[in-house]
Amino acid sequence: MNQPDAHDAPAAPLLGAVETGGTKTVCGVGTAPDTVRIVATIPTTTPDETLGRVVEVLRAEGVAALGVGSFGPVDLDPASKTWGHVLNTVKPGWTDTDVAGRLGQALGVHVGFDTDVNAAALGEGAAGAARGVRSFVYVTVGTGIGAGVVIDGRPVRGRPHPEVGHIPIARDPGDAFPGVCPFHGACWEGLASGPAIEARWGARAETLPPDHPAWMIEARAIARGLATIVLTTAPARVVLGGGVMSAPGLLALVHAALLDVLGGYVVGLDTLRAIETYVVPPALGGRAGVAGAIELAHRCLDTR
């Protein structure tokens with residue numbers, strides 16, 4: 001009996017990826033998260049203009065399915081009439097935009113849809129710093145603070161999805177900084193995001209020298225938020241990224257602060273060395289979101 005030639009095996013389908021952000025939208029293609037290549041970066045303007053350009057780019061590539069990681073808040077409930085929509089967002093003109101539906105209909109493909117931070121988490125889990133880890137959290141500290149919580153390989157979704165940036169955290173004694181969150185003032189995001197650093201010190205984070213006192217305050221604030229995540233979700237790993245975390249030396253300060261905040265309570269996280277291998281930087285950098293969107297597209301094909 002003749003054996004099938006390896007060359008006769010069907011080629012893996014080409015998948016599309018879209019990561020929408022407040023200022024730019026990134027399009028990629030690939031057959032798997034570790035093969036993704038970015039094919040276009042588009043300014044995020046109006047929904048019609050931005051999504052129209054995305055359709056042009058991906059139609060030319062001929063994708064078989066699409067994954068989308070979107071800025072939010074978004075509706076992730078498959079049973080909802082507004083699944084795939086951006087909800088009440090601060091981005092002008094985007095409230096109630098049916099991102100998944102418009103792209104899927106225009107391209108004639110099934111769409112996997114999630115938040116931008118969940119997509120980045122899936123990317124790091126499939127091809128980055130959390131590869132092979134079933135339960136982990138991806139945290140980004142930048143213009144805001146967000147997290148993708150992945151439990152047993154699946155991102156946590158709820159009403160509508162976790163918003164860890166808005167958890168309350170303890171503060172340094174005597175700290176009177178009011179915070180910058182328009183909803184909660186001194187929540188985690190209000191105290192530790194990039195805009196919070198700028199409001200507190202009158203200078204953008206990237207302009208502050210490594211020995212500036214801002215970084216010790218920032219490290220303690222980040223550590224307190226991470227401790228809440230660690231104690232409530234028990235992840236096997238934490239991937240900590242975002243623009244603020246690119247500051248030289250900040251990750252080491254966070255490691256030391258988290259060890260102090262946890263106080264030896266969590267089994268296996270009672271030494272600095274353990275913390276350093278537990279809270280790690282992302283491996284994919286700016287490609288995490290599109291890599292995760294490829295994973296969303298792949299899962300969409302598997303479940304259609």
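The residues of the chain are indexed from 1 along the displayed sequence. None of the values given here were measured: they were computed from a predicted structure.
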Trainee: List the steps, then state whether salt bridge (charged side-chain N to carboxylate O under 4.0 Å, His left out) holds for D172 with R224.
Mentor: CA-CA 11 Å; D172 288 346; R224 288 165 182 149; 2.8 Å; yes

Trainee: Flag the pair T23 / F71 as yes when at least one side-chain heavy-atom distance between them is below 4.5 Å, and no otherwise.
Mentor: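 No, every pair of side-chain atoms sits at 4.5 Å or beyond.
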
Trainee: Any sub-3.5 Å donor-acceptor pair from S193's side-chain atoms to I145's backbone N or O?
Mentor: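 Pair absent, no side-chain N/O of S193 close to backbone of I145.
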
Trainee: Is any side-chain heavy atom of Y278 closer than 4.5 Å to a side-chain heavy atom of V238?
Mentor: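 With C-beta onward as the side chain, the pair touches.
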
Trainee: I222 versus L240: any side-chain heavy-atom pair under 4.5 Å?
Mentor: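 Yes - at least one pair of side-chain heavy atoms lies under 4.5 Å apart.
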
Trainee: Of the non-hydrogen atoms in A64 and L301, which two are nearest, and what is the gap between them?
Mentor: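 Scanning both residues completely, I find the closest heavy atoms to be O-CD2, 4.2 Å.
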
Trainee: Taking all heavy atoms of R171 and all of A186, pick out the closest pair and write down the distance.
Mentor: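 Shortest heavy-atom separation between R171 and A186 comes out as NH1-CB, 3.4 Å.
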
Trainee: Does T50 reach the main-chain N or O of P47 with its side chain, forming a donor-acceptor pair under 3.5 Å?
Mentor: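 Side chain of T50 to backbone of P47, a donor-acceptor pair under 3.5 Å: no, none is there.
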
Trainee: Would you call V86 and K91 a side-chain contact if the rule is heavy atoms closer than 4.5 Å?
Mentor: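 V86 does not reach K91 side chain to side chain.
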
Trainee: Without swapping roles, check the side chain of T207 against the backbone of A203 for a donor-acceptor pair under 3.5 Å.
Mentor: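 Looks like no, no N/O pair under 3.5 Å.
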
Trainee: How many angstroms lie between atom CG of L296 and atom CD of E19, to the nearest 0.5 angstrom?
Mentor: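 L296 CG to E19 CD: 11.0 Å, rounded to 0.5 Å.
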
Trainee: Before you tell me yes or no, could you show the steps for S70 and T20 under side chain to side chain donor-acceptor pair (under 3.5 Å), namely the whole-Å CA-CA distance, both residues' side-chain angles and the distance that decides it to 0.1 Å?
Mentor: CA-CA 5 Å; S70 174; T20 67; 3.3 Å; yes

Trainee: A quick test of your reading: do over 12 heavy atoms of other residues, nucleotides or ligands sit less than 6.0 Å from CD of Q105?
Mentor: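 Counting other residues, nucleotides and ligands, CD of Q105 stays at 12 neighbours or fewer.
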
Trainee: For residues 243-266, run the donor-acceptor check on the side chains, cut-off 3.5 Å, and write out each pair with its distance to 0.1 Å, sequence neighbours left out.
Mentor:
unit_1	atom_1	unit_2	atom_2	d
S246	OG	G243	O	2.5
H255	ND1	L251	O	3.4
H255	NE2	V279	O	2.8

Trainee: In this structure, would I229 and V133 fall into the same cluster of hydrophobic residues linked by side-chain contacts under 4.5 Å?
Mentor: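 No, no single cluster joins them.
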
Trainee: Consider only side-chain heavy atoms of I, L, V, M, F, W and Y, link residues closer than 4.5 Å, and tell whether V239 and I294 are in one cluster.
Mentor: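 Hydrophobic grouping puts V239 apart from I294.
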
Trainee: Could you pull out the closest heavy-atom pair between G190 and F177, with the gap in Å?
Mentor: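 For G190 and F177, the tightest heavy-atom pair comes out as O-CE2, 3.7 Å.
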
Trainee: Looking at W94 and N88, would you say the former's side chain and the latter's main chain have a donor-acceptor pair under 3.5 Å?
Mentor: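 Here the side-chain-to-backbone pair does not exist.
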
Trainee: Give me the atom names and distance for the closest heavy-atom approach of L66 to A297.
Mentor: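 Shortest heavy-atom contact: C-CB, 3.5 Å.
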
Trainee: Whether R53 and E49 form a salt bridge (side-chain N of Lys/Arg under 4.0 Å from carboxylate O of Asp/Glu) is what I want to check.
Mentor: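 No, this pair does not count.
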
Trainee: Quick one: list whatever passes salt bridge (charged side-chain N to carboxylate O under 4.0 Å, His left out) with D114, sequence neighbours left out.
Mentor: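 Applying salt bridge (charged side-chain N to carboxylate O under 4.0 Å, His left out) to D114 gives R157.
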
Trainee: Do any N or O atoms from the side chain of T95 and from the backbone of T89 form a donor-acceptor pair under 3.5 angstrom?
Mentor: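 Yes; judged by distance alone, with no hydrogens or angles, the pair exists.
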
Trainee: Do I169 and V164 belong together in a cluster built from hydrophobic side chains that touch within less than 4.5 Å?
Mentor: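 In one cluster: yes.
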
Trainee: Considering the options L51, L87, V74, which one meets the side chain to side chain contact (heavy atoms under 4.5 Å, CB included) requirement together with T97?
Mentor: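 Exactly one option meets the side chain to side chain contact (heavy atoms under 4.5 Å, CB included) with T97, and it is L51.
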
Trainee: Using modelled atom types only, decide if a donor and an acceptor are shared between the side chain of E124 and the backbone of A130 within a distance under 3.5 Å.
Mentor: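 Checking the backbone N and O of A130 against the side chain of E124, no donor-acceptor pair under 3.5 Å is found.
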
Trainee: Quick one: does any side-chain atom of S135 pair with a main-chain N or O of P235 as donor and acceptor, under 3.5 Å?
Mentor: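 Not confirmed, S135 side chain does not pair with P235 backbone.
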
Trainee: Measure the shortest side-chain to side-chain distance between P168 and H184 over non-hydrogen atoms and say whether it is less than 4.5 angstrom.
Mentor: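 Of all side-chain heavy-atom pairs linking H184 with P168, none is under 4.5 Å.
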
Trainee: Please determine whether a side-chain nitrogen of the Lys or Arg among R37 and E61 lies less than 4.0 Å from a carboxylate oxygen of the Asp or Glu.
Mentor: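 E61 and R37: salt-bridged.
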
Trainee: Check this for me, if you would: do D34 and R287 make a salt bridge, where the nitrogen-to-carboxylate-oxygen distance has to be below 4.0 angstrom?
Mentor: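 Judged by the 4.0 Å cut-off on N to carboxylate O distance, D34 and R287 do not form a salt bridge.
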
Trainee: Do the charged groups of R102 and D48 touch, with an N to O distance under 4.0 Å?
Mentor: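 D48 and R102: salt-bridged.
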
Trainee: Can you tell me if H85 uses its side chain to pair, donor with acceptor, with the backbone of W83 under 3.5 Å?
Mentor: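 Present.
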
Trainee: Y138 versus V150: any side-chain heavy-atom pair under 4.5 Å?
Mentor: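 Y138 vs V150: side chains apart.
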
Trainee: Is there side-chain contact between T233 and V156, with heavy atoms separated by less than 4.5 Å?
Mentor: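 Answer no - side chains too far apart.
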
Trainee: With side chain to side chain contact (heavy atoms under 4.5 Å, CB included) as the criterion, how do E218 and V141 come out once you've worked through the C-alpha distance, each side chain's angles and the decisive distance to 0.1 Å?
Mentor: CA-CA 11 Å; E218 179 70 6; V141 183; 4.0 Å; yes

Trainee: Check the hydrophobic clustering (I, L, V, M, F, W, Y; side-chain heavy atoms under 4.5 Å; chains of links allowed) and say if V111 and V54 are grouped together.
Mentor: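 Yes, V111 connects to V54 through the hydrophobic network.
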
Trainee: Show the numbers, then the answer: is there a side chain to side chain contact (heavy atoms under 4.5 Å, CB included) between N118 and F113?
Mentor: CA-CA 10 Å; N118 274 355; F113 184 79; over 6 Å; no

Trainee: What I'd like to find out is whether the side chain of T228 reaches to under 4.5 Å of the side chain of W188, using heavy atoms alone.
Mentor: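 A side-chain contact is absent here, since even the closest heavy-atom pair is not under 4.5 Å.
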
Trainee: Say whether, by atom type as modelled, one donor and one acceptor occur between the side chain of R59 and the main chain of A106 under 3.5 angstrom.
Mentor: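 Yes, because the side chain of R59 sits within donor-acceptor range (under 3.5 Å) of the backbone of A106.
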
Trainee: Are L58 and V109 linked, directly or through other ILVMFWY residues, by side chains that come within less than 4.5 angstrom of each other?
Mentor: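 As far as the 4.5 Å side-chain criterion goes, V109 and L58 are connected within one cluster.
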
Trainee: Of all the heavy-atom pairs spanning A17 and A293, show the shortest one and how long it is.
Mentor: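 Of all heavy-atom pairs spanning A17 and A293, the closest is CB-CB, 3.5 Å.
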
Trainee: Of the non-hydrogen atoms in H110 and C300, which two are nearest, and what is the gap between them?
Mentor: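 The pair with the smallest heavy-atom distance is CB-SG, 3.2 Å.
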
